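Take a look at the structure below.
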Amino acid sequence: METDQNLIALSERLLVNLEFAHQRFQHSKEKRVRGDFHEEVKPFADEVKGTTETWRKAASYWVGQNRPKNLHVNQIETAADYLEVISVQAFFPETSKKRFLDQLQSVEFILKSLIIAVNQTGSQK
């Protein structure tokens with residue numbers, strides 16, 4: 001149960017990071033300004049990478065053990081990869097808007113689906 005709560009907390013933290021990345025992306029596009037690599041990009045990307053790696057392991061294990069109907073380990077892997085890409089691309093105005101938003105929506109869907117699945121499994125125990 002504690003690991004379930006930890007997985008939910010990690011997922012929620014990544015949703016907050018995703019929202020920040022989305023806002024930062026919109027700012028970059030509107031102002032046509034790149035983020036400073038050492039001041040903005042690297043610190044944010046490093047934070048997301050650390051959280052993502054912990055989340056990837058926990059989520060992959062949880063999905064493997066609980067086998068939720070609409071979530072699979074390969075989706076967890078894809079979401080983790082997208083998170084790392086999004087955390088960097090958010091700072092660059094030349095990033096493709098369609099690809100960025102598609103990846104963002106995909107990650108958001110998987111994170112929210114995982115939170116729902118963990119909560120449902122927890123209430124059944």
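The figures here come from the full heavy-atom set of this structure, side chains too, leaving out hydrogens, waters and symmetry mates. All values derive from a computational prediction rather than experimental measurement.
- Here the straight-line distance linking atom CD of Q65 with atom OG1 of T3 works out to 10.0 Å at 0.5 Å rounding.
- For the residue pair G35 and E40, the shortest heavy atom distance occurs at CA-OE1, 3.3 Å.
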Going through the checks in order, is the side chain to side chain contact (heavy atoms under 4.5 Å, CB included) test met by L111 and W55?
CA-CA 10 Å; L111 288 168; W55 175 83; 3.5 Å; yes
Side chain to side chain contact (heavy atoms under 4.5 Å, CB included) between L83 and N17: does it pass, once the steps are laid out?
CA-CA 9 Å; L83 272 160; N17 289 146; 5.6 Å; no
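- For the pair F25/I86, no side-chain contact is recorded, criterion being any heavy-atom separation below 4.5 Å from C-beta on.
- A continuous path of hydrophobic side-chain contacts links I8 to L18 [ILVMFWY only; heavy atoms under 4.5 Å].
- A distance-only check finds no donor-acceptor pair linking the side chain of K42 to the backbone of F37 [under 3.5 Å].
- The distance from the CD1 atom of I110 to the OG1 atom of T78 is 6.5 Å, given to the nearest 0.5 Å.
- Contact check on D102 versus K97 returns no salt bridge, with no Lys/Arg side-chain nitrogen under 4.0 Å from an Asp/Glu carboxylate oxygen.
- Checked options L114, I116, I115; the residue passing with V118 is L114 (criterion: side-chain contact (heavy atoms from CB on, under 4.5 Å)).
- When all heavy atoms of I76 and A59 are compared, the closest pair comes out as CG2-CB, 3.7 Å.
- A salt bridge links E84 with R56: the closest approach of a Lys/Arg side-chain nitrogen to an acidic carboxylate oxygen falls below 4.0 angstrom.
- In this structure the side chain of D36 never reaches within 4.5 angstrom of the side chain of V41, judged on heavy atoms.
- Of the inter-residue distances, the one linking L101 atom CG with Q26 atom CD reads 8.0 Å to the nearest 0.5 angstrom.
- Taking 4.5 Å as the limit, every side-chain heavy atom of P68 sits out of range of all side-chain heavy atoms of T121.
- Ring geometry for F44 against F91 counts as perpendicular: the plane angle is over 60°, on a 0 to 90° scale with 30° as the lower cut.
- The distance from atom CG of N66 to atom CG of D4, rounded to the nearest 0.5 Å, is 7.0 Å.
- With respect to the salt-bridge test (charged N to carboxylate O, under 4.0 angstrom), the residues K112 and E108 qualify.
- T95 contributes a side-chain N or O that, together with a main-chain N or O of Q89, makes up a donor-acceptor pair within less than 3.5 Å.
- Summarising the geometry, atom CZ belonging to F92 is positioned 8.5 Å from atom OG belonging to S28; distances are rounded to the nearest 0.5 Å.
- Around the NZ atom of K49, the shell of radius 6.0 Å holds no more than 12 heavy atoms that belong to other residues, nucleotides or ligands.
- Put simply, F109 and F100 are part of the same group of oily side chains (I, L, V, M, F, W, Y) that touch within less than 4.5 Å, one to the next.
- Judged purely by distance below 3.5 Å, without hydrogens or angles, the side chains of Q23 and E19 pair a donor atom with an acceptor atom.
- To the nearest 0.5 Å, the span separating CG on L10 from OG1 on T51 amounts to 7.0 Å.
- Residue A45 comes nearest to V88 through the heavy atom pair CB-CG2, 3.8 Å, listed as atom of the first residue, atom of the second, then distance.
- Two residues are said to be in side-chain contact when any heavy atoms from C-beta on lie closer than 4.5 Å; H72 and R67 fail this criterion.
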